[in-house]
Asks: 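Okay, here's the structure, questions in a sec.
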Protein chains: 2
Amino acid sequence: MARLSDMIEEFIKALLEESNGQLELQRNELADYFECAPSQINYVLATRFSLDRGYYIESRRGGGGYIRIIRLDMDNNDYIMYLLKERIGNRISQQAAEDIIYHMFNKGIITERESLIMKAAIQDKAIGIPTSLKDNVRASIMKAMLTTILKLRN
Amino acid sequence: MARLSDMIEEFIKALLEESNGQLELQRNELADYFECAPSQINYVLATRFSLDRGYYIESRRGGGGYIRIIRLDMDNNDYIMYLLKERIGNRISQQAAEDIIYHMFNKGIITERESLIMKAAIQDKAIGIPTSLKDNVRASIMKAMLTTILKLRN
DNA sequence: GTTATTGACCTTCTTTGACTTTCATTTTTA
DNA sequence: TAAAAATGAAAGTCAAAGAAGGTCAATAAC
């Protein structure tokens with residue numbers, strides 16, 4: 001017997017196929033359809049549609065809420081995926097982050113303006129908390145920005 | 001599902017477009033038109049036409065009352081200076097920061113891509129430290145990015 | 001022993017309605 | 001007839017209900 005998670009995964013992938021790699025769905029609706037707990041959907045999204053696997057998820061709560069799933073083009077984004085999955089872990093120094101940003105600009109992944117804005121955001125001075133945590137916060141901000149860029153390049 | 005709030009927002013924005021950035025309306029009339037509670041209009045004004053998003057509201061009660069919505073139009077450099085020197089102090093919430101970024105995009109100070117990168121950098125999730133400090137770090141990052149943008153413009 | 005499933009509880013955003021305040025107009029009243 | 005009171009016509013406020021999605025830990029299945 002096929003596992004529920006797998007069935008939901010297949011279902012979503014079929015929808016993504018039909019809809020050109022981007023779709024919006026209602027969590028409760030989908031849970032109803034599969035007669036499962038709504039949180040089952042979150043489980044499937046977390047395990048099968050993670051960033052690692054090349055998907056980006058955004059959602060909104062409240063009336064008119066939704067879950068949006070975006071399939072990322074991994075092939076054309078090797079470098080960013082490498083940065084997210086391997087290069088940047090829990091911590092990164094300002095110098096290393098700047099080098100990465102500079103490199104992205106050189107490769108034409110981001111504009112010069114974008115590179116300057118990003119550099120501003122990851123400066124020691126901007127983060128301004130005890131040094132022990134700075135590199136952690138920087139890594140986290142850096143990954144958030146990179147993830148957004150990944151989405152943009154789709 | 002289309003949210004009522006969004007429909008009302010769009011409607012008002014269209015009216016503003018037609019009327020050169022300033023308009024007067026009757027709360028009850030608009031509520032009638034959308035068949036909703038009058039206070040729904042207040043909700044839309046508070047969430048979508050806030051100062052941070054670049055609108056100013058005045059109103060008058062009683063017979064012949066009205067609500068006036070004014071789209072603010074400040075010189076872009078002045079606006080950034082205002083943000084740096086007055087609006088953003090030591091702390092700022094994610095919502096307020098997002099509203100400001102949205103407004104800057106609307107005014108053409110930054111591109112959409114830049115706005116998304118900036119939003120990524122100031123998310124709660126990206127900053128990821130004790131809540132008590134988040135707003136401080138966000139204010140600091142926000143100001144660093146704005147300072148860079150200001151430089152770019154001169 | 002890892003992967004799935006469920007359910008209880010939480011957070012966010014929207015919508016509604018009851019009650020309040022303000023202002024203009026009309027009606028009383030000294 | 002001028003001040004005061006009543007009336008009605010707005011808009012404002014706030015809390016509760018409703019409508020989503022999120023989290024996490026306990027169990028179940030493999």
Side-chain angles (χ1 to χ4, degrees), chain A residues 1-12 15 23-53 55-70 144, chain B residues 1-12 23-53 55-70 93-99 102 119 122-128 130-131 134-135:
Chain A
M1 191 57 181
R3 273 164 6 283
L4 219 202
S5 292
D6 293 339
M7 289 165 53
I8 298 175
E9 177 185 3
E10 287 316 310
F11 185 79
I12 293 176
L15 288 183
L23 78 89
E24 246 170 55
L25 55 83
Q26 232 67 28
R27 188 182 73 154
N28 291 332
E29 214 171 80
L30 194 55
D32 266 8
Y33 181 75
F34 282 100
E35 290 173 311
C36 64
S39 53
Q40 178 74 18
I41 308 301
N42 297 81
Y43 177 73
V44 173
L45 293 178
T47 56
R48 319 291 216 266
F49 295 88
S50 62
L51 192 58
D52 273 4
R53 295 191 179 207
Y55 297 91
Y56 180 79
I57 311 284
E58 24 182 51
S59 66
R60 186 165 170 173
R61 304 182 184 187
Y66 59 82
I67 295 178
R68 181 179 300 142
I69 304 171
I70 301 168
Chain B
M1 299 308 103
R3 277 177 290 261
L4 219 202
S5 293
D6 292 342
M7 290 166 48
I8 299 175
E9 176 185 4
E10 287 316 309
F11 185 80
I12 293 176
L23 79 90
E24 247 171 55
L25 55 82
Q26 232 69 28
R27 189 182 73 153
N28 290 332
E29 212 171 82
L30 193 55
D32 265 10
Y33 180 76
F34 282 100
E35 289 173 311
C36 65
S39 52
Q40 178 75 19
I41 308 301
N42 297 81
Y43 176 73
V44 173
L45 294 178
T47 56
R48 317 291 215 266
F49 295 89
S50 63
L51 251 190
D52 281 338
R53 285 189 176 215
Y55 299 92
Y56 180 72
I57 311 285
E58 341 177 279
S59 66
R60 189 160 171 185
R61 305 182 185 189
Y66 59 83
I67 294 177
R68 182 179 301 142
I69 305 171
I70 301 163
S93 71
Q94 177 175 338
Q95 185 60 60
E98 281 183 359
D99 285 348
Y102 175 71
K119 274 188 201 166
I122 54 83
Q123 271 177 92
D124 272 0
K125 223 175 50 190
I127 296 175
T131 327
K134 249 179 220 168
D135 287 355

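Below, chains carry the letters A, B, ... as their sequence lines are ordered, and counting in each starts from 1.
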Asks: For B:Q95 and C:dT11, give me the distance from atom CD to atom P, rounded to whole Å.
Replies: 18 Å

Asks: Respond yes when some side-chain nitrogen or oxygen of A:Y43 is under 4.0 Å from OP1 or OP2 of C:dT5, and no when none is.
Replies: no

Asks: How long is the straight-line distance from CD1 of A:I67 back to CG of A:L25, given to the nearest 0.5 Å?
Replies: 5.5 Å

Asks: Output the rounded distance in Å from CD1 (B:I8) to P (C:dT14).
Replies: 11 Å

Asks: Does some side-chain heavy atom of B:I12 sit less than 4.5 Å from a side-chain heavy atom of B:L30?
Replies: yes

Asks: Identify, with sequence neighbours excluded, every residue that meets side chain to side chain contact (heavy atoms under 4.5 Å, CB included) alongside B:K119.
Replies: B:E98, B:I101

Asks: Once you apply a heavy-atom cut-off of 4.0 Å, does A:L30 come out as touching a base, just sugar-phosphate, or nothing?
Replies: nothing

Asks: Of all the choices, D:dA10, D:dG21, C:dT6, which nucleotide is nearest to the side chain of A:R27 once you look at every atom?
Replies: D:dG21

Asks: Output the rounded distance in Å from CD1 (A:I69) to P (D:dG22).
Replies: 10 Å

Asks: At a cut-off of 3.5 Å, list every protein nitrogen or oxygen paired with a nitrogen or oxygen from nucleotides 20-23 of chain C, distance to 0.1 Å.
Replies:
residue : atom : partner : partner atom : Å
C:dT21  : O4'  : B:R61   : NH1          : 3.2
C:dT21  : O2   : B:R61   : NH1          : 2.8
C:dT22  : O2   : B:G62   : N            : 3.4
C:dC23  : O3'  : B:R60   : NH2          : 3.0

Asks: Which residues satisfy the side chain to side chain donor-acceptor pair (under 3.5 Å) test with A:E10, sequence neighbours excluded?
Replies: none

Asks: For DNA chain D, which residues in residues 32-42 of chain A have a heavy atom at a distance below 4.0 Å?
Replies: A:S39, A:N42

Asks: Detail all sub-3.5 Å separations between protein N/O atoms and N/O atoms belonging to nucleotides 2-4 of chain D.
Replies:
none

Asks: For B:D32, what residues pass the salt bridge (charged side-chain N to carboxylate O under 4.0 Å, His left out) criterion, not counting sequence neighbours?
Replies: none

Asks: Expressed as a whole number of angstroms, how long is the span from B:Q26:CD to D:dA11:C1'?
Replies: 10 Å

Asks: Nearest-Å distance, OH (A:Y66) to C1' (D:dG22)?
Replies: 15 Å

Asks: Considering residues at least two apart in sequence or located in another chain, which fulfil the side chain to side chain donor-acceptor pair (under 3.5 Å) criterion with A:R48?
Replies: A:D6, A:E9

Asks: Under the salt bridge (charged side-chain N to carboxylate O under 4.0 Å, His left out) rule, collect the residues that match up with A:R68, sequence neighbours excluded.
Replies: A:E24, A:E58

Asks: Taking only residues two or more places apart in sequence, or in another chain, which ones meet B:Y102 in a side chain to side chain donor-acceptor pair (under 3.5 Å)?
Replies: B:K13

Asks: Donor-acceptor check, side chain of B:Q26 to backbone of B:G65, threshold 3.5 angstrom: yes or no?
Replies: yes

Asks: Grab the CD1-C1' distance between A:I57 and D:dG22 for me, whole Å please.
Replies: 13 Å

Asks: How many whole angstroms separate atom CZ of A:R3 from atom P of C:dT2?
Replies: 16 Å

Asks: Looking for any heavy atom pair under 4.0 Å, which part of the strands does A:R68 touch: base, sugar-phosphate only, or nothing?
Replies: nothing

Asks: For B:E29, which residues count as a salt bridge (charged side-chain N to carboxylate O under 4.0 Å, His left out) partner, sequence neighbours excluded?
Replies: none

Asks: So, using salt bridge (charged side-chain N to carboxylate O under 4.0 Å, His left out) as the criterion, who are the partners of A:R53 when residues are at least two apart?
Replies: none

Asks: Could you state the atom-to-atom distance from NZ of B:K125 to C1' of C:dT12 in whole Å?
Replies: 15 Å

Asks: Counting only side-chain nitrogens and oxygens, does A:N28 get under 4.0 Å of the OP1 or OP2 atom of D:dG21?
Replies: yes

Asks: Would you tabulate the side-chain donor-acceptor contacts of residues 33-46 of chain A under 3.5 Å, counting partners in other chains and residues two or more places apart, or write 'none'?
Replies:
residue : atom : partner : partner atom : Å
A:Q40   : NE2  : A:S5    : OG           : 3.0
A:N42   : OD1  : A:R27   : NH1          : 2.7

Asks: Taking only the side-chain nitrogens and oxygens of A:S59, find out if one of them lies under 4.0 Å from OP1 or OP2 of D:dA20.
Replies: no

